[in-house]
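Residues: numbered from 1 along the sequence shown. Computed over heavy atoms, backbone and side chain alike; hydrogens, waters and symmetry mates excluded.
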Amino acid sequence: MNSPQRGHQRLLRIALLQINPTAGDLAGNSALIVDGVKRAREQDADLVVTPELALMGYLPRDLLMSRGFVRKSGDELARIAAELKDAPPALIGVATPAPGDMGRPLYNSAVLIHDGRVGPAFHKTLLPTYDVFDEDRYFEPAREPGVLDCNGWRLGISICEDVWNDRDFWQRRRYHMDPIEELTRKGAQAIVNLSASPFTVGKQEMRERMLAQMASKYRVPLLITNQVGANDDLIFDGRSAAFDENGRLFARARGFENDLVVVDLDGRSGAVAADDFTPEAEIWNALVLGVRDYARKTRFRQVLLGLSGGVDSALTAAIAADAMGPENVLGVMMPSVYSSEGSVTDSEALVRNLGIRRLEMPISGIMKTYDETLADAFRGLAPDVTEENIQSRIRGALLMALSNKFGSLLLTTGNKSEMAVGYCTLYGDMNGGLAVIADLPKMMVYRVSRWRNCRRADIPEAILTKAPSAELRPDQTDQDSLPPYELLDEILELHVEESQSAEEIIAQGFEEATVRRVLRLVRMAEFKRKQAPPILKVTSRAFGTGWRMPIVRGE
């Protein structure tokens, strides 16, 4: 494909179209693509590049098993091509049928549309199956990566994982083949990558180092278009980027927002959006986007959550207020006989500061009814965690009733530390449609809350300084049942995110009894996590689609 050249110069302006598609929404995603290509035309782009599987929305998961869905996506691609007949050519991310009667039925492809027609397709070579990915379930790998001739340039076309296997960057590579190495051997003068790379905290800085090193190593410019937005538990941060042959970043799209960045490949020029890579800022922006998109894409206009007077519900409320607008957030206070006066007043202060709506429903009378109803059955037995769980389940039932009646999305407020060790109640505080901070360890909850208060001090200081407590019995604190959160989070990070065994953790100086107790709690809580709402993923390993531990295990 060659477009007219301007004067005697070999010019190529590539538009990185960073959009927020919805999984399965072919019509909506098409509209985003068409609008973006038309805007790129206004900026004199010669080629437009969408994210990976942009037409289908990443991750479409088992929608890809529907032949009807795949067929409709092909029809939609042809319609887009016809509508964009007078627009610049575009590489569209979409699944395409694989020929023959052997192997997987699809390719993960970048398809060129140009002059009203659907042109050649370039297929993904490396298919990830780790963490949240399971692409080998659906796709056949490309036999070899392909090159596109455009305006005198030979562009090596790659898709997401294809750039994540450089032998000089990774100590251990996942794949035997390196598509980028193959493309440069084929004479590629620049690398173009269509990506849908999910967000994890700190990943963008590492991604930029990796891509910069790769561009410098092969002495070719490298451009990447990344998806933005959230689908289910996955959040995509965008930050599409371009690097010159020296590894210099010369263009970057905004983080966590739709954007269109046009890159002059000849002059190695483009705009670099400002960004904040501090963990607290990244997590905040990701979770706000995650809540907003989950609600919007599942057609919820309002959300609600229980307010306990603790830091977890306070941070969740602040995120929800930013994501949905405070007028669309309902904070529900459900004090019991064990609730401290401070918890009630702190919750009231939080509501006023955030400007969210408020509802109070005391549960002491309902607790009394339960006690009376169960009196005969429990006669002669001492109160224990059973009665504590009943309180949590009363609150969970009330919140679900409000969710059903008002058509609002119930947000679960538990953190990752609690989820890891089972310090949460099934059908109680685990109730809800979305677990907002369940991938944040407790100490990170405090860090993000204090970061948020530096912008505007909405979370009362008392919430940030009081001892954490479920307030399900007199004078209760979390540390009655758990190790100090500082210690607990260290052990959990080593075990959950780094997959270290008890012996490996103990060898680093941690007390053996504490380590074995924590890891036992993690194992015992597996059945709870299987019944948890979707968890917005922000760390390298969340308790979601990437956590595949069995409930029944022999340890």
Side-chain angles (χ1 to χ4, degrees), residues 303-318 320-321 329-354 356-374 378 382-403 410-415 417-419 422-432 435-438 442 445-446 449 458-482 485:
V303 300
L304 71 137
L305 71 158
L307 296 180
S308 67
V311 67
D312 296 330
S313 61
L315 178 60
T316 305
V329 180
L330 174 64
V332 185
M333 300 163 55
M334 295 167 286
S336 75
V337 292
Y338 303 124
S339 298
S340 66
E341 181 181 351
S343 293
V344 175
T345 56
D346 291 343
S347 295
E348 291 172 340
L350 176 73
V351 166
R352 289 194 301 271
N353 294 344
L354 293 175
I356 65 176
R357 295 178 295 122
R358 169 186 179 276
L359 179 63
E360 183 170 347
M361 296 188 298
I363 67 168
S364 297
I366 305 175
M367 289 169 58
K368 183 178 179 181
T369 300
Y370 266 87
D371 290 341
E372 292 172 350
T373 302
L374 292 167
F378 288 178
D384 56 16
V385 70
T386 305
E387 285 76 12
E388 295 182 23
N389 286 342
I390 287 173
Q391 295 173 58
S392 181
R393 287 172 179 143
I394 290 170
R395 292 183 171 115
L398 292 174
L399 290 170
M400 285 306 303
L402 295 171
S403 174
L410 175 57
L411 304 179
T412 305
T413 62
N415 61 65
S417 307
E418 296 171 345
M419 185 70 72
Y423 195 64
C424 47
T425 305
L426 273 176
Y427 325 120
D429 59 334
M430 290 180 67
N431 280 3
V436 178
I437 63 168
K442 185 72 168 189
V445 171
Y446 282 106
S449 297
D458 288 335
I459 300 175
E461 185 64 20
I463 289 178
L464 298 174
T465 55
K466 71 173 71 171
S469 172
E471 294 192 327
L472 298 175
R473 63 174 183 265
D475 303 319
Q476 182 184 31
T477 67
D478 292 1
Q479 260 58 82
D480 296 339
S481 305
L482 302 174
Y485 279 116

Distance from D429 atom CG to C424 atom SG, nearest 0.5 Å? 6.0 Å

Can you tell me which residue pairs pass the salt bridge (Lys or Arg N to Asp or Glu O under 4.0 Å) test with a partner in residues 359-372, sequence neighbours excluded? R358-E360

Restricting to side chain to side chain donor-acceptor pair (under 3.5 Å), what partner residues turn up for T386, sequence neighbours left out? D384

Quick check: does any side chain N or O of T413 sit under 3.5 Å from a backbone N or O of D312, one acting as donor and the other as acceptor? no

Main chain of K442, side chain of S417: is a donor-acceptor contact present, judged purely on distance under 3.5 Å? yes

Nearest-0.5 Å distance, CG of residue L398 to CG of residue L359: 9.5 Å

Criterion side chain to side chain contact (heavy atoms under 4.5 Å, CB included) on R395 and N431, from CA distance to verdict: CA-CA 9 Å; R395 292 183 171 115; N431 280 3; over 6 Å; no

I need the L304 CG to L410 CG distance, nearest 0.5 Å. 5.0 Å

Kindly give the heavy-atom pair with the smallest separation between I463 and G309, and that separation in Å. CG1-O, 3.5 Å

Minimum heavy-atom separation for S343 to S308, with atom names? CB-O, 3.5 Å

Compare all side-chain heavy atoms of V332 with those of L402 and state whether any distance is below 4.5 angstrom. yes

Does I394 form a side chain to side chain contact (heavy atoms under 4.5 Å, CB included) with M334? I'd like the steps, not just the answer. CA-CA 9 Å; I394 290 170; M334 295 167 286; over 6 Å; no

Return yes if some donor-acceptor pair links the side-chain N/O of S403 with the main-chain N/O of L399 below 3.5 Å, else return no. no

Looking at T369 and G365, would you say the former's side chain and the latter's main chain have a donor-acceptor pair under 3.5 Å? yes

Calculate, to the nearest 0.5 Å, the distance between atoms CG and CG belonging to L411 and L330 respectively. 10.5 Å

Taking all atoms of both residues into account, what is the closest heavy-atom pair of A318 and L354, and its distance? N-CD1, 3.8 Å

Considering non-hydrogen atoms only, spot the tightest contact between M419 and A438 and give its length. CE-CB, 4.2 Å

In sequence, state the C-alpha distance, the side-chain angles, and the governing distance for I459 and L350, and then conclude on side chain to side chain contact (heavy atoms under 4.5 Å, CB included). CA-CA 6 Å; I459 300 175; L350 176 73; 4.2 Å; yes

Between the CG atom in D346 and the NZ atom in K466, the distance rounded to the nearest 0.5 Å is 4.0 Å

Applying side chain to side chain contact (heavy atoms under 4.5 Å, CB included), run through L464 and V311 and close with a yes or a no. CA-CA 6 Å; L464 298 174; V311 67; 3.8 Å; yes

Rounded to the nearest 0.5 Å, what separation is found between the OG atom of S336 and the CD1 atom of I390? 13.0 Å

Just by distance, do the side chain of S449 and the backbone of L315 share a donor-acceptor pair under 3.5 Å? no

